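Nothing here was measured: the structure is a model prediction, and the numbers come from that model. Residue numbers start from 1 in every chain, and the chains themselves are labelled A, B, ... in the order their sequence lines are given, proteins ahead of strands.
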Amino acid sequence: MPSVTPDQLSQTIVDALNALANRGSIAVSEGAIPAAVKVERPKNKEHGDYATNVALQLSKQAGLKPRDLAELLAQELKGREAISAVDIAGPGFINITVAAAAQGEIARAVVEVGSAYGTSDRFAGKRINLEFVSSNPTGPIHLGGGRWAPVGDSLARVFTAMGADVTREYYFNDHGAQIDRFSASLLAVAKGEDPPEDGYVGSYITDIVEQVVAAHPSVVDMPDDQAREVFRREGVELMFAEIKQTLRTFRVDFDVYFHEQSLHDSGAVERAIQRLTEMDNTYEAEGALWLRSEKYGDDKDRVIVKSDGHPAYISADLAYYLDKRERGFDLVVIMLGADHHGYVGRLMAMCQAFGDTPHENLEVLIGQLVNLVRDGQQVRMSKRAGNVVTLDDLIESVGVDAARYALVRYSSDSSIDLDLDLWARASSDNPVYYVQYAHARLASILRNATELGLAPAGQDFDPSLLSHPREGDLLRALAEFPRVLAAVAELREPHRLARYLEATAATFHRFYDVCRVLPHGDEDATDLHRARLLLVDATRIVFARGLQLLGVTAPERM
RNA sequence: GCGCCCGUAGCUCAGCUGGAUAGAGCAAUGGACUUCUAAUCCAUCGGUCGCAGGUUCGAAUCCUGCCGGGCGCGCCA
């Protein structure tokens with residue numbers, strides 16, 4: 001008997017609908033029957049293992065009352081293999097109970113494919129560029145951009161699991177006025193002066209000055225222009241190194257570190273502007289060159305070359321986007337903090353001005369702000385950075401696993417307050433420990449089984465033995481995993497994976513509480529022991545894979 | 001003034017892109033370890049889903065208008 005996943009159940013229902021239509025039992029036209037129907041897991045256990053609302057959806061077209069259509073469909077489904085009971089409830093829901101044997105097969109199916117379980121080819125052939133964090137090299141990574149570090153990385157991992165060809169990219173804004181302010185700030189501190197207006201402050205500035213002076217003692221005797229240049233070059237280099245180190249510590253490995261300066265040096269900016277001009281998407285006015293962004297949905301037209309002849313900030317973004325597309329990416333995703341959401345309109349307009357399709361070739365994801373809370377008080381100032389809270393602050397307070405998990409656990413649409421005391425705690429209050437503990441427990445059972453010389457059921461596996469309600473719950477949870485990964489990829493929402501793992505951890509702990517896996521003392525091992533061991537094996541695989549996709553370690557012991 | 005995000009239990013947040021009696025953790029109270037990790041489990045308590053309309057078989061979810069909070073609205077980057 002094949003295993004029953006929600007997708008397979010959906011297919012079974014579609015087949016049943018087609019059978020009814022072909023027989024003329026329902027008057028639904030060929031194309032009206034969907035390729036897939038919604039199969040849900042009812043919250044109420046009395047509503048079976050799975051439920052579908054398809055009778056409610058199709059009743060109007062079929063010219064039948066929902067319950068009558070449900071009745072016809074239920075009769076059609078009843079004879080099907082793997083389905084043990086079909087009931088109609090409420091306005092026309094069809095509640096399905098799956099045969100234990102078919103459900104038990106899920107354990108075998110998971111173990112057979114191992115860590116590949118849940119992957120698919122739905123993004124096969126798609127080349128995706130993910131740009132995230134992209135914190136300026138004028139200071140440590142702040143939490144606005146830092147929130148995207150684990151989220152973007154996790155998305156990359158899931159896209160890859162869906163067959164996509166993914167590039168993680170970090171954009172260094174190492175050109176322009178802010179870098180000037182940065183080097184001016186370094187110089188001022190070196191000379192014992194107050195930093196300039198809009199300058200950068202914080203102990204990290206002093207650190208950099210000390211390092212630059214130590215490496216280049218002569219800098220203190222240079223004229224300001226020369227000294228500023230040394231501070232600029234060396235200071236930015238030190239910030240690059242520090243940012244990369246933070247990311248490495250955080251287990252976020254970028255494939256490309258892209259420097260804004262290179263777009264200006266290579267002439268890419270001019271080429272992009274020329275391209276837009278050829279497409280009649282620019283015009284000159286008031287001494288500046290403008291992009292016709294309003295025509296493509298932006299609030300207003302935007303200056304791309306200022307009246308002083310210097311390119312505006314957006315000009316590099318034009319060139320950068322074009323560069324990504326020319327490198328062959330079908331989809332360009334840019335992840336920004338909420339403080340940059342005002343930029344979305346012009347980015348989308350830019351995309352369209354190049355002849356591309358917004359939301360298809362370019363997506364901009366906005367992450368709301370992250371606050372840190374300690375002792376019930378919002379952490380406002382960083383020792384390091386003076387005016388912002390940094391990713392390093394979070395990592396130092398709670399560790400890499402908890403920091404990654406805490407940032408990836410919530411919808412990016414919500415601003416969040418992270419309680420540092422909670423996330424630093426090694427207890428069940430802390431969701432990351434709760435999930436990791438489930439994995440450690442599973443690993444422990446498998447370890448003990450090995451010591452007992454007991455192996456999971458193999459060819460002789462009898463899936464119908466896994467008939468305990470807790471086993472059914474756990475099997476259905478495992479069957480959800482592919483759907484969860486698909487939702488994460490489609491919606492670009494990795495927090496769904498974290499929530500799934502938490503719910504599945506709870507399901508597993510409940511199973512563990514009442515279903516003894518290994519034989520007691522000198523008891524002989526039965527087929528049930530070995531079947532449950534297979535289920536444990538499958539569950540551990542899902543936790544290991546899920547945690548890996550979140551970039552969080554899956555400990556063997558805790 | 002305009003735009004984006006949020007508003008769900010005392011607190012922190014989910015809610016499978018419209019489904020059935022709205023969920024979890026924490027906090028509070030009371031239980032469960034001679035057996036695979038108690039970093040666990042069970043029970044109880046806790047709600048006008050910000051407010052008001054609308055759409056339909058059905059709305060926390062979609063639409064409109066208010067209220068409240070966050071963040072933005074530059075020839076800065």
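- Between the side chain of D429(A) and the base of rG25(B), no donor-acceptor pair under 3.5 Å is found.
- For the pair R496(A) and rG15(B), the criterion of a side-chain N or O lying under 4.0 Å from OP1 or OP2 is met.
- Toward the 5′ end of RNA chain B lies the nearest nucleotide of A487(A), the other residue of the pair A487(A) and R516(A) mapping further downstream.
- Taking only distance into account, the side chain of N95(A) meets the base of rA20(B) through a donor-acceptor pair shorter than 3.5 Å.
- Of the N and O atoms on the side chains of T526(A) and H529(A), at least one donor lies less than 3.5 Å from an acceptor on the other residue.
- Relative orientation of the Y117(A) and F481(A) rings is parallel, given thresholds of 30° and 60° on the angle between their planes.
- Judged purely by atom type and a 3.5 angstrom limit, H142(A) uses its side chain to pair as donor or acceptor with the backbone of G145(A).
- Judged by the 6.0 Å distance and 45° axis criteria, R441(A) is positioned over the aromatic ring of Y512(A).
- If you check distances only, the side chain of S307(A) does reach the base of rC75(B) with a donor-acceptor pair under 3.5 Å.
- Not one side-chain nitrogen or oxygen of K43(A) sits closer than 4.0 Å to the OP1 or OP2 atom of rG15(B).
- Ring-base stacking between F93(A) and rA20(B) is satisfied, the centre separation being under 5.5 Å and the plane angle under 30°.
- The stretch residues 293-303 of chain A touches RNA chain B through K300(A), V303(A), each having a heavy atom under 4.0 angstrom from the strand.
- For rC13(B) and rC51(B), the C1' atoms lie 23 Å apart once the distance is rounded to whole Å.
- Proximity of K38(A) to the phosphate of rG19(B): a side-chain N or O atom is located under 4.0 Å from OP1 or OP2.
- Comparing the same atom, C1', in rC63(B) and in rU40(B) gives a spacing of 46 Å after rounding to whole Å.
- Within 3.5 Å, no donor on the side chain of D513(A) pairs with an acceptor on the base of rU40(B), nor the reverse.
- Ring geometry for H175(A) versus H264(A): interplanar angle under 30°, hence parallel rather than tilted (30 to 60°).
- Between N95(A) and A51(A), the shortest heavy-atom distance links the atoms OD1-CB, 3.4 Å.
- In this structure, F172(A) and Y257(A) have parallel ring planes: the angle between them is below the 30° cut-off, well short of the 60° mark.
- The phosphate of rG15(B) (OP1 or OP2) has a side-chain N or O of H495(A) nearer than 4.0 angstrom.
- Residue K306(A) has no polar side-chain atom (N or O) positioned under 4.0 Å from OP1 or OP2 of rG74(B).
- The shortest distance between the side-chain N/O atoms of S414(A) and the OP1/OP2 oxygens of rA14(B) is below 4.0 Å.
- For rA20(B), the base is stacked against the aromatic ring of H47(A), per a cut-off of 5.5 Å between centres and 30° between planes.
- Residue K295(A) qualifies as enclosed at atom NZ: its count of foreign heavy atoms under 6.0 Å is above 12.
- For RNA chain B, none of the residues of residues 134-147 of chain A falls under the heavy-atom distance limit of 4.0 Å.
- Within the nucleic acid shown, A440(A) comes within 4.0 Å of at least one base atom, counting heavy atoms only.
- Ring planes of W423(A) and Y405(A): tilted class, angle from 30 to 60°.
- If you check rC5(B), rC71(B), rA20(B) against the side chain of Q368(A), the one that comes closest is rC5(B).
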